[in-house]
A.B. asks: 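Pasting a structure here, questions to come.
Bear in mind the structure is a predicted one, so any value in this text is a computation, not a measurement. Protein chains get the first letters and strands the later ones, always in sequence-line order, with residue 1 at the start of each. Note: hydrogens, waters and symmetry copies are ignored here, and every other heavy atom, side chains too, is used.
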Number of protein chains: 2
Amino acid sequence: MAQARRYAGGVDGNRSLERGIEILRAFRPGVDTLGNGEIAERTGLPRSTVSRLTRTLVNSGMLDEVRAERAYRLAASVISIGHAMRTGSPVLNEIGAMMRAESAKRRLNVGLATADRTMMVYLESIRYSPRAALRNVVAGQQVPMELTSLGRAYLAGIAETRREQLLKLFKRRSAAATKALLADVRTSISSVERDGYCAVSWQPAVLAVATPIVLEGLPVYALNMSLQNVDRSAALASELGAYLNAFAAKCKEVLASR
Amino acid sequence: MAQARRYAGGVDGNRSLERGIEILRAFRPGVDTLGNGEIAERTGLPRSTVSRLTRTLVNSGMLDEVRAERAYRLAASVISIGHAMRTGSPVLNEIGAMMRAESAKRRLNVGLATADRTMMVYLESIRYSPRAALRNVVAGQQVPMELTSLGRAYLAGIAETRREQLLKLFKRRSAAATKALLADVRTSISSVERDGYCAVSWQPAVLAVATPIVLEGLPVYALNMSLQNVDRSAALASELGAYLNAFAAKCKEVLASR
DNA sequence: CCCCCTAATTCCACTTAGTGGAAATGAAGG
DNA sequence: CCTTCATTTCCACTAAGTGGAATTAGGGGG
């Protein structure tokens with residue numbers, strides 16, 4: 001009857017695979033282990049189904065079983081695949097080294113991110129610190145799209161229809177302060193259109209600027225620069241913005257000739 | 001009839017989910033995009049099945065579609081999940097900072113890895129360089145288990161039955177020099193049992209030592225230290241080994257009290 | 001030490017969701 | 001414009017997957 005399509009109120013696709021992926025997603029940063037019960041709760045799937053799917057994920061090497069606590073944790077395979085994603089990314093390959101150099105030269109944080117649903121996820125985030133030992137690089141960390149310069153630059157870079165979809169999702173997500181927030185987001189988007197970048201101070205004493213990178217055949221990325229322990233000032237923002245615009249121009253040049 | 005078990009000559013599990021994961025695994029480092037045809041070749045799955053599963057993976061956010069070349073690439077979600085794995089790992093959480101400090105103090109590379117099938121995958125690899133700008137950290141990179149100090153330390157740390165399974169796999173994999181290689185592997189394992197570490201010079205002018213970390217309720221890990229641009233010498237190897245043993249002891253202390 | 005209680009796993013009848021060969025569609029090139 | 005290769009859609013078939021119920025396995029008390 002059904003032709004591998006449109007199962008109970010869904011879109012095309014393979015239900016078991018979708019559910020298996022949902023289970024993997026249930027492991028968020030900070031969550032170490034999850035038992036089948038907790039997974040069932042978080043995903044809304046029947047317990048017996050979860051039991052079978054986690055078994056499959058263990059066999060496929062995506063989950064490790066912790067027999068003692070009857071629980072599972074993400075296995076090493078997931079970072080292998082993550083690594084394949086990063087090394088496969090043409091953008092990161094081309095400009096990763098430039099980002100490091102720029103971070104060292106300007107003494108600030110430089111990041112490259114793209115969207116995962118309604119979050120921005122860093123492909124690379126180079127954290128500058130005066131002490132060399134504290135400098136570090138993070139990949140995979142998520143920050144909220146609507147609250148960050150990265151996310152707003154991304155929104156400015158994507159197709160309008162998609163942007164409006166996402167804005168609706170934010171509205172549904174945060175009950176309070178929605179109106180002001182959305183206005184803020186739109187201001188940032190205009191700022192990108194006018195100046196090439198937007199500045200947001202999402203976290204206290206951190207000033208961040210970001211700009212979109214739009215390339216044919218690739219998802220939209222956003223590039224950012226940020227400084228910790230500073231007072232937010234318009235002058236500083238426009239200085240950072242100028243650095244960012246110059247750097248982004250250099251990146252786009254390199255990427256265009258790939 | 002079939003109760004979600006033992007489909008055509010397989011073990012228990014969900015076939016579609018297994019296949020979907022296989023598709024994700026087909027994207028190895030260096031492979032940027034893959035079309036459905038190539039995926040079908042690499043995985044041995046029927047083309048129509050691949051077509052449906054890739055669509056599902058796109059809907060689930062694990063793959064990005066590149067319409068222009070009718071191909072797919074791994075999406076940002078996979079590094080989100082990879083990041084969740086790393087932050088969820090109690091071992092990396094506890095000793096990551098210590099590893100950085102040790103790398104800076106001893107001026108050498110420090111790595112933590114575990115197994116993904118027959119490969120070792122780095123949870124963290126801290127690459128020391130005299131120039132601060134060149135120091136970097138990699139996660140997810142794979143190295144062959146049977147050829148590296150990391151892999152051999154891991155083999156020394158796991159249950160004997162599992163070890164013998166893996167050794168058989170290596171035999172099947174590399175046709176040439178198998179006998180000598182396996183003897184080498186066993187020598188390394190004895191070396192771990194006797195000295196606490198093993199030394200291997202897998203890549204030219206790189207000397208590496210590694211030791212297993214075995215903890216209740218966690219997969220076996222391996223910790224390594226390595227130096228580039230050195231001549232292999234027994235004296236240097238035992239010096240590195242001593243550093244490693246001291247460091248591993250400190251790590252185990254921290255991990256025991258978690 | 002045994003028994004209860006909770007949670008995970010297995011069982012099983014049901015039937016839909018998935019399958020893969022064949023047809024259709026679509027892109028690239030002569 | 002027509003051919004060729006590749007990818008996607010179609011569709012009849014049925015095995016694979018489902019989820020509620022029964023069962024088993026842990027893990028605290030009593």
A.B. asks: Check the distance between C/dG26's P and B/Arg67's CZ and give it to me in whole angstrom.
C.D. replies: 12 Å

A.B. asks: Starting at CD of A/Glu18 and ending at C1' of C/dG18, how long is that distance when rounded to a whole Å?
C.D. replies: 13 Å

A.B. asks: Rounded to the nearest angstrom, tell me the gap between atom CD1 in A/Ile23 and atom C1' in D/dG17.
C.D. replies: 14 Å

A.B. asks: Could you tell me whether a side-chain N or O of A/Thr148 sits under 3.5 Å from a main-chain N or O of A/Pro144, the two making a donor and an acceptor?
C.D. replies: yes

A.B. asks: Given A/Glu146, which partner from the list A/Arg173, A/Arg163, A/Arg186, A/Arg152 fulfils the salt bridge (charged side-chain N to carboxylate O under 4.0 Å, His left out) test?
C.D. replies: A/Arg173

A.B. asks: Taking 4.0 Å as the cut-off, does a side-chain nitrogen or oxygen of B/Arg55 come that near to OP1 or OP2 on D/dT9?
C.D. replies: yes

A.B. asks: Can a donor-acceptor pair be found, under 3.5 Å and without considering hydrogens, that links the side chain of A/Glu38 to the backbone of A/Gly35?
C.D. replies: yes

A.B. asks: Looking at A/Asn14, does any N or O in its side chain come under 4.0 Å of the phosphate oxygens OP1/OP2 on C/dG18?
C.D. replies: yes

A.B. asks: Please list residues of residues 38-49 of chain A whose heavy atoms come under 4.0 Å from any atom in DNA chain D, ordered by number; otherwise none.
C.D. replies: A/Pro46, A/Ser48, A/Thr49

A.B. asks: Report yes or no: does A/Ser77 contribute a side-chain atom to a donor-acceptor pair with the main-chain N or O of B/Asp116 at less than 3.5 Å?
C.D. replies: no

A.B. asks: Does CD in B/Glu160 sit with more than 12 non-hydrogen atoms of other residues, nucleotides or ligands closer than 6.0 Å?
C.D. replies: no

A.B. asks: Output yes when a side-chain donor or acceptor of B/Thr56 lies under 3.5 Å from a complementary backbone atom of A/Asn14, and no otherwise.
C.D. replies: yes

A.B. asks: C/dT19 phosphate, OP1 or OP2: any side-chain N/O from B/Arg52 under 4.0 angstrom?
C.D. replies: yes

A.B. asks: Where each residue is assigned the nucleotide of DNA chain C containing its nearest heavy atom, which of A/Thr54 and A/Leu17 is assigned the position nearer the 5′ end?
C.D. replies: A/Thr54

A.B. asks: Looking at every strand, decide which applies to A/Arg19 at a 4.0 Å heavy-atom threshold: base, sugar-phosphate, or nothing.
C.D. replies: sugar-phosphate

A.B. asks: Rounded to the nearest Å, what distance is computed from the CD atom of residue A/Glu65 to the P atom of nucleotide D/dG26?
C.D. replies: 12 Å

A.B. asks: Indicate whether OP1 or OP2 belonging to C/dT10 is found under 4.0 Å from a side-chain N or O atom of A/Ser51.
C.D. replies: no

A.B. asks: Specify the separation, in whole Å, of atom CG of A/Leu34 and atom C1' of C/dA8.
C.D. replies: 15 Å

A.B. asks: When you look at A/Arg52 and A/Ser16, which way does the side chain to side chain donor-acceptor pair (under 3.5 Å) test go after all the steps?
C.D. replies: CA-CA 10 Å; A/Arg52 268 177 281 117; A/Ser16 314; over 6 Å; no

A.B. asks: What is the distance, to the nearest angstrom, from the CD atom on B/Glu69 to the C1' atom on D/dC5?
C.D. replies: 17 Å

A.B. asks: Quick check on C/dT9: is either OP1 or OP2 less than 4.0 Å from any side-chain nitrogen or oxygen of A/Arg70?
C.D. replies: no

A.B. asks: For A/Ser60 and B/Arg25, which I'm curious about, is there any donor-acceptor pair between the side chains at under 3.5 Å?
C.D. replies: no

A.B. asks: To the nearest 10 degrees, how far apart in direction are the end axes of the helix from C/dC1-D/dG30 to C/dG30-D/dC1, each fit to five base pairs?
C.D. replies: 40°

A.B. asks: For a quick test of reading the model: is some side-chain N or O of A/Arg15 closer than 4.0 Å to OP1 or OP2 of C/dT16?
C.D. replies: no

A.B. asks: Kindly determine whether A/Ser125 and A/Gln141 satisfy side chain to side chain donor-acceptor pair (under 3.5 Å), including the steps that lead there.
C.D. replies: CA-CA 9 Å; A/Ser125 169; A/Gln141 203 195 330; 5.6 Å; no

